[in-house]
Trainee: 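The structure's right below; bear with me while I get my questions together.
All heavy atoms count here, side chains included; hydrogens, waters and symmetry mates do not.
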Amino acid sequence: METQANSFPETIKTMFGIICPHYDRINRILSLGRDFFWRHALSRRFKVIDQPGEFLDLATGTGCQLVSARKYWPKAHLVGLDFSAPMLEAATARLKNSSQIQTEPSPEPVMVLGDALSAPLGQDRFDSISISFGLRNILERSHLYHKAYEALKPGGRFLILEFWHDPRTWWARFHRTYLLKVVPFLATCILGAQQTAYRYLARSVILFPDPGRLTDELVQAGFTDPGFRTFTFGAVMLVWAHKPNH
């Protein structure tokens with residue numbers, strides 16, 4: 001078990017490097033464009049303690065959350081961190097392209113190559129920290145919560161955007177079939193993406209805990225005032241909590 005746990009991050013890093021060229025397109029197709037809506041919902045909940053604000057996006061991937069955040073908070077300082085070099089390169093290009101169509105100048109985002117569990121994030125630095133569709137790929141969630149807690153300013157907000165599968169909904173059977181069968185099939189047929197990777201991603205959604213359990217985990221990690229909401233028939237959750245004021 002220890003060997004499997006130690007190799008898991010490297011396996012995930014390799015997988016995302018392979019699917020990077022198709023990642024955004026397949027997400028647009030499979031979410032029917034709703035991922036933009038979900039990311040905007042998170043961006044609107046960023047909290048600023050000290051103007052103009054500094055935000056950190058963990059597991060930033062191809063930078064979609066940073067692009068969304070800049071639309072709502074154009075003066076904020078943005079930092080994106082990811083352990084996949086190909087993903088980070090794609091994020092840098094995306095942010096550069098998006099800056100060309102902005103109506104007002106924004107600070108240049110800082111992109112950092114590193115593992116969220118081991119990279120130095122600072123102490124009492126960020127107004128808000130987010131992780132979008134990346135928490136499923138982290139085995140040691142409690143360690144990530146601790147890192148985010150330390151890096152937030154007192155009163156700062158931690159936000160999690162993630163897929164999940166609610167077996168109690170009327171469409172649960174269809175949703176499960178869609179995740180386990182349709183998603184890998186479309187990823188392969190439409191874009192030639194690696195089916196094995198999307199089978200893993202689908203299974204990770206099925207196994208991910210519900211929002212109530214996540215809020216309990218955040219409280220156990222020291223956060224306060226947790227909350228959550230769900231979107232698209234419960235297929236996506238947005239969870240948030242705060243670092244207490246000293």
Side-chain angles (χ1 to χ4, degrees), residues 1 3-39 41-42 58-62 64-65 82-84 86-87 90 116-117 130-142 144 159-217 228-239:
M1 287 295 293
T3 301
Q4 290 178 344
N6 291 339
S7 64
F8 181 76
E10 287 301 319
T11 301
I12 296 298
K13 184 189 298 185
T14 300
M15 181 191 73
F16 277 106
I18 292 172
I19 68 175
C20 182
H22 311 290
Y23 187 72
D24 288 329
R25 286 176 291 167
I26 198 68
N27 284 349
R28 295 297 93 78
I29 293 170
L30 297 177
S31 71
L32 300 177
R34 296 299 288 172
D35 55 321
F36 286 109
F37 168 78
W38 304 328
R39 292 183 187 279
L42 185 153
L58 300 171
T60 198
T62 58
C64 292
Q65 192 62 61
D82 201 280
F83 67 179
S84 169
M87 285 286 192
L117 296 179
S130 61
I131 181 167
S132 301
F133 308 116
L135 191 60
R136 301 192 323 278
N137 303 313
I138 295 176
L139 292 177
E140 301 174 23
R141 290 196 298 272
S142 61
L144 182 76
L159 304 107
I160 300 165
L161 184 65
E162 193 54 88
F163 291 110
W164 76 297
H165 172 70
D166 187 350
R168 301 165 298 179
T169 60
W170 60 269
W171 76 308
R173 181 175 296 181
F174 168 79
H175 187 216
R176 185 181 180 90
T177 301
Y178 178 75
L179 289 170
L180 296 177
K181 303 293 184 181
V182 178
V183 168
F185 176 77
L186 289 178
T188 302
C189 292
I190 296 175
L191 296 173
Q194 191 182 58
Q195 192 174 97
T196 301
Y198 279 91
R199 282 177 177 161
Y200 157 76
L201 293 173
R203 286 195 301 270
S204 69
V205 175
I206 299 291
L207 297 173
F208 198 69
D210 62 74
R213 179 177 165 188
L214 280 193
T215 58
D216 289 343
E217 290 178 355
F228 71 87
R229 62 174 299 190
T230 60
F231 306 98
T232 317
F233 305 111
V236 171
M237 67 171 87
L238 174 58
V239 179

Trainee: Please confirm whether the backbone N or O of Phe233 pairs with a side-chain atom of Trp171, one donor and one acceptor, at under 3.5 Å?
Mentor: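 Confirmed, Trp171 side chain pairs with Phe233 backbone.
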Trainee: Has Arg141 got more than 12 heavy atoms of other residues, nucleotides or ligands less than 6.0 Å from its CZ?
Mentor: yes
Trainee: Going from CG on Leu238 to CZ on Arg229, what distance comes out if it is rounded to the nearest 0.5 angstrom?
Mentor: 7.5 Å
Trainee: Within a strict 4.5 Å, meaning less than it, do heavy atoms of the Thr215 and Val239 side chains meet?
Mentor: yes
Trainee: For residues Met237 and Pro209, report the shortest heavy-atom separation together with the two atoms involved.
Mentor: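 Closest approach of Met237 to Pro209: CE-O, 3.3 Å.
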Trainee: With a 4.5 Å limit on heavy-atom distance, are the side chains of Ile131 and Leu161 in contact?
Mentor: no
Trainee: CG/Leu135 to CD/Glu162 distance, rounded to the nearest 0.5 angstrom?
Mentor: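 Result: 6.0 Å between the selected atoms.
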Trainee: Nearest heavy-atom pair of Ala172 and Asp166: which atoms, and what distance?
Mentor: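 Closest heavy-atom pair between Ala172 and Asp166: CB-O, 3.5 Å.
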Trainee: Flag the pair Arg136 / Trp164 as yes when at least one side-chain heavy-atom distance between them is below 4.5 Å, and no otherwise.
Mentor: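 A side-chain contact under 4.5 Å is absent here.
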Trainee: Cation-pi check, Arg34 to Phe37: give yes when NZ or CZ is under 6.0 Å from the six-membered ring centre and within 45° of the ring axis, no otherwise.
Mentor: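 Flagged: Arg34 positioned over aromatic ring of Phe37.
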Trainee: When the ring centroid of Phe163 is compared with that of Trp38, is the distance short of 6.0 Å?
Mentor: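 Yes; Trp38 has its ring centre under 6.0 Å from that of Phe163.
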Trainee: Nearest 0.5 angstrom please: Leu214 CG to Phe228 CZ, how far?
Mentor: 9.5 Å
Trainee: Donor-acceptor pair, Gln65 side chain versus Ser130 backbone, under 3.5 Å?
Mentor: no
Trainee: Between Leu117 and Leu144, what is the shortest heavy-atom contact and its length?
Mentor: CD2-N, 3.7 Å
Trainee: Identify the two heavy atoms, one from Ala202 and one from Leu179, that lie closest to each other, and give their separation to 0.1 Å.
Mentor: CB-O, 2.7 Å
Trainee: Rounded at 0.5 Å granularity, tell me how far CG in Leu42 sits from OG in Ser132.
Mentor: 5.0 Å
